[in-house]
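The structure is given below, and queries will be raised subsequently.
Note that the structure is predicted; figures quoted are calculated from it, not measured. For ligands, and for the atoms within them, numbers begin at 1 and follow the listed sequence.
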Amino acid sequence: MDNSKTRLLEKLASGDAQVAVIGLGYVGLPLAVVFAESGYKVIGIDLDPNKVNAINCGQSYIDDVSQRSVQELVCQHRLSATSDFSAIAQCDAISICVPTPLRKTGDPDISYIVSVTEQLAKYLLPGMVVVLESTTYPGTTMEVVLPLLSKSTHRLKVGENFFLAFSPERVDPGRRDWTTRTTPKVIGGVTPDCLEVSRAYYGRAIDTLVPVSSTEAAEMVKLLENTYRAVNIGLVNEVLLMCDRLGLDVWEVIDAAATKPFGFMKFTPGPGLGGHCIPIDPLYLSWKLRTLNYTARFIELASEVNTSMPRYWARKVQDTLNESGKPLKGSKVLVLGVAYKKDVGDVRESPALDIIHELTQKGAILKYHDPHVALLNHDGLQMTGVTDLHEALYEADCVVVVTDHSTYEWEDIRKKAPLLIDTRRAIPPPVRKTPQPQAVPQE
Ligand code: SAJ
């Protein structure tokens, strides 16, 4: 009987294990730091030399990872980085945290997973454990990663002399209350021994593990989590469209519904869905189901509603200017916030980009301000953010709040903006007095 598992479990338990984290983005770097802080010696692997150099110089480029933590771990030689995959040969445990975007066709693009796994297979040795973290469709670990790793020249047998699992990332950029270490982590192995080994690997650094019966179950858990968000955001965006036609204030309706202490979870309408997860992950699931001749109707409908929101808000700008006798064409429009959500600097899939595109195409003159995004060079848009917000507010014909960063002085903006479209209800209307829920005196 191969004793790879026993030896690996001993290494992981002793803390002498050497760990590799492939992909050092908003998921991989926090994971590498948490592994190093738990006692492992960690080598981060990334193709981007800027990321590699920054880490080796003790710098963090991820808001949620402190400079100090990277500096200390690098000085203690518990964290380093390289672009050289051969470092894997010295490792006992490897985590893959690479992006899983969509192709232009809207189909899943797992090319990063494939290319990294092909590199990994060259250096995979008996006695290693591999965990895939990238969000992907159910079956990827078994149908794509496992066959590629099994091609290794070392006659590897999964569950016997090497171990493979899937554990979805749950990083919520900008969140302070739940961290990589404290957020419960789902994990599923190809075999029971794979699950046992990967739990020993992660259990040293993550407070709570949630084992499931397979890698496909773990892959599906993640997609359910993000589909749940996308569908509920789509629902409240449609409720906004309904309230618009009913002449109701959707935020008042949602705030009141949210007083229900059970059976309701508050989501808020907005400019549309941004980020590299929520707009994309559910489409991995609907794509997989289409290959099984099933149409994931909720996912496709939610995507249709969410992607229509930038056009809805651009029309609102046009109508508001029109009501004040100003054509959109030639009007100066100032967008406040271009990041995909508050208090982050990431513009990937940001609906602000679509709103800017839509208004520019109709002849408006666009400027933007975002305290986290000095330069916009994305999706064919190249703009420099204004630095003097107050001057920009006075110069604008219409101001659109797209991202409600916490640092904005909303009362000041309300006073200075000639016309204001608020896609986030960052600025409650001055007049509406929301009747506070009254506790009925007990008889
Ligand atoms: N949004 C709304 N209304 C809402 C909530 C969000 O319009 O009620 C918008 C946001 O403005 C943003 C988009 O949806 O543009 C996504 O928002 P998000 O809060 O889900 O942000 P992400 O994508 O950075 O993080 C999510 C994580 N969020 C939470 O759990 C709160 C989580 O689903 C995943 O850990 C992460 O994606 C991921 O990596 O999958």
Sorted by chain and number, the residues that approach ligand 1 to under 4.0 Å with a heavy atom = Y26, E169, R170, V171, D172, P173, R175, K222, N226, R229, I233, F267, T268, L273, G274, C277, I278, D281, Y340, K341, R424
Will you find, in the side chains of H390 and D412, an N or O donor that is under 3.5 Å from an N or O acceptor?
-> yes
Pairwise distance CD(E169) to CG(L31) - rounded to 0.5 angstrom | 10.0 Å
cation_pi(R229, F267) dist<6.0 Å, angle<=45 = no
Determine whether the aromatic ring centres of Y202 and F35 lie less than 6.0 Å apart.
-> yes
Inspect the contact between D404 and K341 and indicate whether a charged nitrogen and a carboxylate oxygen are less than 4.0 angstrom apart.
->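 Salt bridge flag = no for D404 with K341.
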Under 3.5 Å, side chain of R204 to main-chain N/O of S38, donor-acceptor pair present?
->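 Yes.
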